[in-house]
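Please read the structure below before turning to the comments.
Order of appearance sets the numbers: ligands from 1, and atoms from 1 within every ligand. One is the number of the first residue; the rest follow in order along the sequence.
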Amino acid sequence: MDTASTKTPGWLDWYSNPSKPRFQLPEGAVDSHCHVFGPGAEFPFAPERKYTPCDAGKEQLFALRDHLGISRNVIVQATCHGADNSAMVDAVQAAGGRARGVATVRPDISDAELQRLDTAGVRGVRFNFLKRLVNAAPQEELAKIARRIAPLGWHVVIYFEGEDLEDLEGFFGSLPTPLVVDHMGRPDVTKPANGPEFNRFLRFVENNDVWVKVSCPERLSVSGPPALDGETAPYRDVVAFGRTVVEKFPDRVLWGTDWPHPNLTDHMPDDGLLVDYIPQVATTTELQHKLLVTNPMNLYWPGENA
Ligand code: 0GY
């Protein structure tokens, strides 16, 4: 693949005209999982990438933030940029204190570069275990990265499929930093939320220093967004999973849009609807405030007021 920005065939671009959410986010709400893609002409995509996205730059992210009533963003390095964190760091710095970053780094990164990323606002690294997104990295390499970043007070964001937790949880438990799980560990929502697979995930969260993003109903859902026939509950088959996590671990949950929604193939979500999904999983004002403000502030802006 060359570095020219020819999008992956069938690529769905982000939704250009999101609705105004009916659910009003609390003051100081944080989108704890979003990305920037390029723009490719300024920040070329990585040669080793598994997909080539549309452009989705910082101005567009900040416009969505303001439209939805979000105050701050946590910008997670997308795999299409490999370990070149330039686009993400540029966006974090442009946000003037209102964004933090999660980077992808190699084990041989220099101390000076780690320090530079920290100063820029990076607070974690991401380990990705989805074969369609990255070539598998040896666990010893990942463990070395975790040992390098632990003294900075950073955490490790982990992205894996629910069915792979059994094989990975021993490794995860050995890491020396807090862990932040993307998209509830991608449960299979056709299985019960109180069944053995999700119970394994809940035990893993219970027994480790783990935070959970109750994000991506649009990616996990089989029932999908509301039908045009008047169905109003968005992504209803994911709700039991999200609500269980929020109610069991109210002080360790985070929420994010996942804008610009890489690799979706059947529909592109209306980001306003993703905000309207929140009160289904966080059903009280107190739970909503923890999910959207207190928890992400504690993790990404400790000591600062929202
Ligand atoms: C997500 C999900 C995906 C992709 C990435 O970095 C990425 O490429 O995170 C996915 O394809 O499931 O969190 O955005």
Side-chain angles (χ1 to χ4, degrees), residues 1 5 7-15 30-38 40 43-57 60-61 64 73-89 91-92 100-106 122 124-137 142 155-165 179-189 211-222 235 238 241-242 253-269 271 274 277 296:
M1 222 186 288
S5 296
K7 289 188 279 187
T8 296
W11 183 265
L12 296 182
D13 292 2
W14 42 278
Y15 199 87
V30 181
D31 174 354
S32 296
H33 187 96
C34 55
H35 310 283
V36 286
F37 298 152
F43 300 107
F45 300 113
E48 74 273 21
R49 70 193 180 278
K50 304 280 190 190
Y51 62 88
T52 304
C54 61
D55 284 337
Q60 293 150 335
L61 175 65
L64 180 73
N73 296 99
V74 180
I75 307 175
V76 177
Q77 172 76 354
T79 57
C80 57
H81 280 295
D84 177 353
N85 295 290
S86 316
M88 179 273 289
V89 165
V92 169
R100 294 291 192 232
V102 172
T104 296
V105 305
R106 306 278 183 237
V122 171
V125 294
R126 191 182 196 206
F127 295 170
N128 201 317
F129 297 88
L130 270 68
K131 294 171 196 71
R132 67 177 167 80
L133 291 176
V134 288
N135 297 329
L142 298 177
H155 57 260
V156 174
V157 173
I158 46 179
Y159 189 27
F160 58 91
E161 302 274 4
E163 63 190 19
D164 295 333
L165 179 60
L179 304 173
V180 179
V181 178
D182 281 343
H183 319 329
M184 300 187 290
R186 292 195 61 119
D188 175 349
V189 301
W211 301 64
V212 185
K213 294 177 195 166
V214 293
S215 45
C216 273
E218 75 289 358
R219 197 176 282 287
L220 303 173
S221 180
V222 177
Y235 309 115
V238 191
F241 294 82
V253 284
L254 306 163
W255 169 86
T257 57
D258 195 32
W259 188 89
H261 313 288
N263 301 309
L264 291 182
T265 49
D266 61 353
H267 80 288
M268 185 47 57
D271 297 277
L274 294 177
Y277 168 82

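- Here Asp13 pairs with Lys7 in a salt bridge; the nearest charged N to carboxylate O distance falls below 4.0 Å.
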Derivation of the side-chain contact (heavy atoms from CB on, under 4.5 Å) call for Lys213 and Val76: CA-CA 12 Å; Lys213 294 177 195 166; Val76 177; 4.0 Å; yes
Which pairs of N or O atoms, one from ligand 1 and one from the protein, are separated by less than 3.5 Å, and what is the distance for each pair?
{"from": "ligand 1", "atom 1": "6 (O)", "to": "Thr79", "atom 2": "N", "distance (Å)": "2.8"}
{"from": "ligand 1", "atom 1": "6 (O)", "to": "Arg126", "atom 2": "NH1", "distance (Å)": "2.9"}
{"from": "ligand 1", "atom 1": "8 (O)", "to": "Tyr51", "atom 2": "OH", "distance (Å)": "2.5"}
{"from": "ligand 1", "atom 1": "8 (O)", "to": "Thr79", "atom 2": "N", "distance (Å)": "3.3"}
{"from": "ligand 1", "atom 1": "8 (O)", "to": "Thr79", "atom 2": "OG1", "distance (Å)": "2.5"}
{"from": "ligand 1", "atom 1": "9 (O)", "to": "Arg126", "atom 2": "NH1", "distance (Å)": "2.9"}
{"from": "ligand 1", "atom 1": "9 (O)", "to": "Arg126", "atom 2": "NH2", "distance (Å)": "3.0"}
{"from": "ligand 1", "atom 1": "11 (O)", "to": "Arg132", "atom 2": "NH1", "distance (Å)": "2.8"}
{"from": "ligand 1", "atom 1": "11 (O)", "to": "Arg132", "atom 2": "NH2", "distance (Å)": "3.4"}
{"from": "ligand 1", "atom 1": "11 (O)", "to": "Asn263", "atom 2": "ND2", "distance (Å)": "2.8"}
{"from": "ligand 1", "atom 1": "12 (O)", "to": "Arg132", "atom 2": "NH2", "distance (Å)": "2.7"}
{"from": "ligand 1", "atom 1": "12 (O)", "to": "Tyr159", "atom 2": "OH", "distance (Å)": "2.6"}
{"from": "ligand 1", "atom 1": "12 (O)", "to": "Arg219", "atom 2": "NH1", "distance (Å)": "3.2"}
{"from": "ligand 1", "atom 1": "13 (O)", "to": "His33", "atom 2": "NE2", "distance (Å)": "2.9"}
{"from": "ligand 1", "atom 1": "13 (O)", "to": "Arg126", "atom 2": "NH2", "distance (Å)": "3.2"}
{"from": "ligand 1", "atom 1": "13 (O)", "to": "His183", "atom 2": "NE2", "distance (Å)": "2.7"}
{"from": "ligand 1", "atom 1": "13 (O)", "to": "Asp258", "atom 2": "OD1", "distance (Å)": "3.3"}
{"from": "ligand 1", "atom 1": "14 (O)", "to": "His35", "atom 2": "NE2", "distance (Å)": "2.6"}
{"from": "ligand 1", "atom 1": "14 (O)", "to": "Asp258", "atom 2": "OD1", "distance (Å)": "2.7"}
{"from": "ligand 1", "atom 1": "14 (O)", "to": "Asp258", "atom 2": "OD2", "distance (Å)": "3.4"}

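- Aromatic ring centres of His183 and His33 lie closer together than 6.0 Å.
- The closest side-chain donor-acceptor pair between Tyr51 and Arg132, if any, does not fall under 3.5 angstrom.
- In the model, Thr257 has a side-chain atom that pairs as donor or acceptor with a side-chain atom of Asp31 under 3.5 Å.
- The ring-ring contact (aromatic ring centres under 6.0 Å, His included) with Trp259 is formed by just one residue from the set Trp14, Phe37, Tyr15; it is Trp14.
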